[in-house]
Amino acid sequence: MVSVPVVLDCDPGHDDAFAIWLAAGDPNIDLLGITTVGGNGHLEHTTHNARVVCTVGGIHGVPIAAGADSPLVRRLTVADDIHGASALDGPVLPEPEVDLDPRGAIELLRELITGSPEPVTVLATGPLTNIALLVRTHPDVLRNVREVVWMGGSTGRGNVTPYAEFNSWVDPEALSVVLGAQVPFTMVGLNITHQALVTAEVLDRIAAIGNRTSEFAAQLLKFFCASYNTAEGMPAAPLHDPVAVAMVAVPEVVASVRARLDVELRGTETAGATSVDLHDKLGREQNATVAITLDVARFWDMVENAIRAMR
Ligand code: RIB
Ligand code: CA
């Protein structure tokens with residue numbers, strides 16, 4: 001089996017934690033490195049949390065570097081209503097056993113991508129600030145990027161405003177920069193991640209794995225579901241980020257379409273909204289693959305198997 005080389009840019013974040021474990025645990029993925037960005041929490045929290053998640057999972061030898069602490073032009077608003085003050089509330093967080101790579105996110109991404117013998121998939125599960133900065137400062141890197149696969153946006157309604165999904169809303173200018181870079185781009189939006197619901201059965205299934213990671217994961221899920229229930233009246237929370245990872249690991253786990261994707265930058269009420277032209281109303285070039293349908297059973301099998309592979 002040939003595994004896909006991947007770099008993961010994330011803002012842990014409860015669902016980002018599962019993205020890290022799936023990227024590290026799935027045999028179809030070769031996780032080259034992890035970079036962090038301000039999003040669900042402030043950068044010091046998302047970075048600390050990435051180190052904690054790797055510590056819990058027993059993930060060693062994967063460099064972790066910190067990136068942008070704020071969006072390209074806007075002020076950062078974190079999602080503490082969902083993820084809590086630490087951005088990983090719920091379980092007691094152990095002291096990290098993995099160090100922070102001193103290179104910083106942009107330099108680490110540049111080195112890992114240019115140094116890979118095979119084109120690298122850039123997986124992003126937070127605001128696209130780091131990826132936009134990489135594109136702007138080292139555009140030559142894109143020659144060895146297979147595609148950018150991003151959890152963000154939505155073909156329908158938003159989750160932080162009526163029309164904008166959080167990762168897009170935090171830094172819509174970054175999304176616009178990455179879309180403008182003409183690199184193959186896949187959007188894994190709320191329309192599909194809301195098919196990955198943490199039901200009571202899913203929670204019991206993860207908890208029953210019985211290793212250290214599953215115990216930690218179950219506590220994360222309980223907090224995440226309680227937050228979603230309070231914030232959105234959804235007791236079964238959507239586990240957004242690992243859906244993007246699953247699509248890279250096993251492309252057939254998702255059905256997708258080609259479409260025109262644009263992002264609203266100036267709307268008073270719609271800034272960050274992703275305009276997905278599913279029916280080619282605008283006659284513009286189709287610049288994105290848009291994930292539509294999830295093989296839910298296979299997805300949870302993949303998540304369970306990855307957590308089973310952790311410590
Ligand atoms: O809107 C959901 C996305 O925003 C997820 O990636 C979540 O972790 C937050 O970053
Ligand atoms: Ca995220």
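For the single chain, residues carry numbers from 1 onward in sequence order. In listed order, ligands and their atoms are each counted from 1. Worth saying up front: this structure is predicted, and the values here are computed from it rather than measured.
- Counting heavy atoms closer than 4.0 Å to ligand 1, residue Val160 contributes nothing at all.
- Here the angle centred on the Ca ion (ligand 2), running from OD1 of Asp16 over to OD1 of Asp11, is 80°, rounded to 10°.
- Between Arg311 and Glu97, at least one side-chain nitrogen of the basic residue sits less than 4.0 Å from a carboxylate oxygen of the acidic one, meeting the salt-bridge criterion.
- Closest approach between the Ca ion (ligand 2) and any N/O/S atom of Asp241 involves OD2.
- By the 4.0 Å N-to-carboxylate-O rule, Glu107 lies close enough to Arg110 to be salt-bridged with it.
- Using cut-offs of 30° and 60° on the angle between ring planes, the pair His14 and Phe223 is parallel.
- Against a heavy-atom cut-off of under 4.0 Å, His240 is close to the following atoms of ligand 1: 2 (C).
- The structure places CG of Leu8 at 10.0 Å from CG of Leu22, a figure rounded to the nearest 0.5 Å.
- Contact atoms of ligand 1 toward Asp16: 8 (O) (distance under 4.0 Å to a heavy atom of the residue).
- The side chain to side chain contact (heavy atoms under 4.5 Å, CB included) test with Ile64 singles out one residue from Cys10, Cys54, Pro96, and that residue is Cys54.
- Put simply, the residue from Asp241, Thr46, Asp16, Asn49 that forms a side chain to side chain donor-acceptor pair (under 3.5 Å) with Asn40 is Asp16.
- Looking only at protein heavy atoms, the nearest one to atom 9 (C) of ligand 1 is Asn40 OD1, 3.1 Å.
- Relative orientation of the Trp150 and Phe185 rings is tilted, given thresholds of 30° and 60° on the angle between their planes.
- Looking only at protein heavy atoms, the nearest one to atom 2 (C) of ligand 1 is Glu165 OE2, 3.4 Å.
- The Ca ion (ligand 2) has an N, O or S atom of Thr125 closer than 3.0 Å.
- Aromatic ring orientation, Phe18 versus Trp21: perpendicular (interplanar angle above 60°, classes split at 30° and 60°).
- Taking 3.0 Å as the criterion, Asp15 does not count as a coordinating residue of the Ca ion (ligand 2), since none of its N, O or S atoms falls below it.
- Counting heavy atoms under 4.0 Å from ligand 1, residue Thr193 does not touch it at all.
- Close contacts between ligand 1 and Asp241 involve ligand atoms 5 (C), 6 (O), 8 (O) [criterion: under 4.0 Å to a heavy atom].
- Here the heavy atom of the protein found nearest to atom 7 (C) of ligand 1 is Asp15 OD2, 3.3 Å.
- Using a cutoff of 4.0 Å between basic side-chain nitrogens and carboxylate oxygens, Arg205 and Asp301 are scored as salt-bridged.
- For ligand 1 and Thr125, the ligand atoms under 4.0 Å from any heavy atom of the residue are 6 (O), 10 (O).
- Of the protein's non-hydrogen atoms, the one nearest atom 4 (O) of ligand 1 is Asn167 OD1, 3.2 Å.
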